[in-house]
Number of protein chains: 2
Amino acid sequence: MAVVESAVYNLLGVFHKYSAKQGDNLKLNRAELSTLLFNELPSCYRDDAMRMLDQDGDGEVDFMEFIEFITDITTEIQNMYLHNFMKYRR
Amino acid sequence: MAVVESAVYNLLGVFHKYSAKQGDNLKLNRAELSTLLFNELPSCYRDDAMRMLDQDGDGEVDFMEFIEFITDITTEIQNMYLHNFMKYRR
């Protein structure tokens with residue numbers, strides 16, 4: 001599968017793999033979120049991840065909140081890249 | 001590498017692989033965008049992709065416009081999944 005397509009399907013697949021473990025199959029509760037981050041995004045693992053991701057305050061993370069978090073991380077890495085790119089530009 | 005981490009780095013890597021081919025290294029021009037979609041996201045290849053992605057109308061696609069497009073596609077697939085999930089829910 002093409003790179004971007006596999007990235008998109010991997011993000012979808014991971015969300016559903018962990019959200020289906022307990023309770024609401026379409027949302028990540030605290031335990032599911034913690035396990036997902038620990039296993040799939042260790043560099044961003046934080047104890048207060050729920051507080052950071054749960055924008056509507058319902059105590060769980062839905063897909064939109066998850067993908068927004070992924071967008072924020074990707075943008076942060078891009079900005080760090082840009083910072084270095086500008087600094088070391090010949 | 002963990003699944004989500006590799007998805008994030010793949011999205012970054014693909015953007016830069018194609019944006020660096022011509023002109024501004026940090027933006028996709030029409031040809032670069034077309035080649036990227038054709039190779040990496042064939043299911044979403046469209047001739048008018050530039051018009052769809054180029055939100056600030058500068059004739060190119062920067063990283064934020066690209067990642068917003070990826071978010072839209074991922075959300076669209078999620079919504080199709082939800083639609084079927086609700087329809088066939090036992």
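Below, chains carry the letters A, B, ... as their sequence lines are ordered, and counting in each starts from 1. The structure displayed is predicted, hence computed values, not measured ones.
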**Q** Verify the neighbour count for atom OH of A/Tyr45: are there more than 12 heavy atoms of other residues, nucleotides or ligands below 6.0 Å?
**A**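 Yes, because the 6.0 Å sphere around OH of A/Tyr45 holds more than 12 heavy atoms from other groups.
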
**Q** Do the non-hydrogen side-chain atoms of A/His16 and B/Gln78 ever get within less than 4.5 Å of each other?
**A** yes

**Q** Of the backbone (N, CA, C, O) and the side chain (C-beta and beyond), which part of B/Asn39 lies under 4.5 Å from a heavy atom of chain A, both, or neither?
**A**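 Contact with chain A involves the backbone of B/Asn39 alone.
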
**Q** Does B/Glu40 reach the main-chain N or O of A/Val3 with its side chain, forming a donor-acceptor pair under 3.5 Å?
**A** yes

**Q** If you count every heavy atom of other residues, nucleotides or ligands that lies below 6.0 Å from B/Phe38 atom CZ, does the total exceed 12?
**A** no

**Q** Answer yes or no: is there a side-chain heavy-atom contact under 4.5 Å between B/Asn10 and A/Val4?
**A** no

**Q** For B/Leu37, is it the side chain, the backbone, both or neither that has a heavy atom under 4.5 Å from a heavy atom of chain A?
**A** neither

**Q** So which atom in A/Ala2 and which in B/Leu41 form the shortest heavy-atom distance, rounded to 0.1 Å?
**A**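 Smallest interatomic distance, heavy atoms only, reads CB-N, 4.2 Å.
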
**Q** Could you tell me if the side chain of A/Phe63 sits less than 4.5 Å from the side chain of B/Thr74, heavy atoms only?
**A** yes

**Q** Who among B/Leu11, B/Ile77, B/Ile70 has the most heavy-atom pairs with chain A under 4.5 Å?
**A**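 Going by pairs under 4.5 Å, I would pick B/Ile77.
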
**Q** May I ask you to decide if B/Ser43's main-chain N or O and A/Glu5's side chain share a donor-acceptor pair within less than 3.5 Å?
**A** yes

**Q** Side chain to side chain contact (heavy atoms under 4.5 Å, CB included) with B/Thr71: which residues, sequence neighbours excluded?
**A** A/Ile67, A/Thr71, B/Thr75

**Q** Count the heavy atoms belonging to other residues, nucleotides or ligands that lie under 6.0 Å from CG of B/Asp47, then report whether that count exceeds 12.
**A** no

**Q** List the residues meeting side chain to side chain contact (heavy atoms under 4.5 Å, CB included) with B/Glu76, not counting sequence neighbours, and say none if there are none.
**A** none

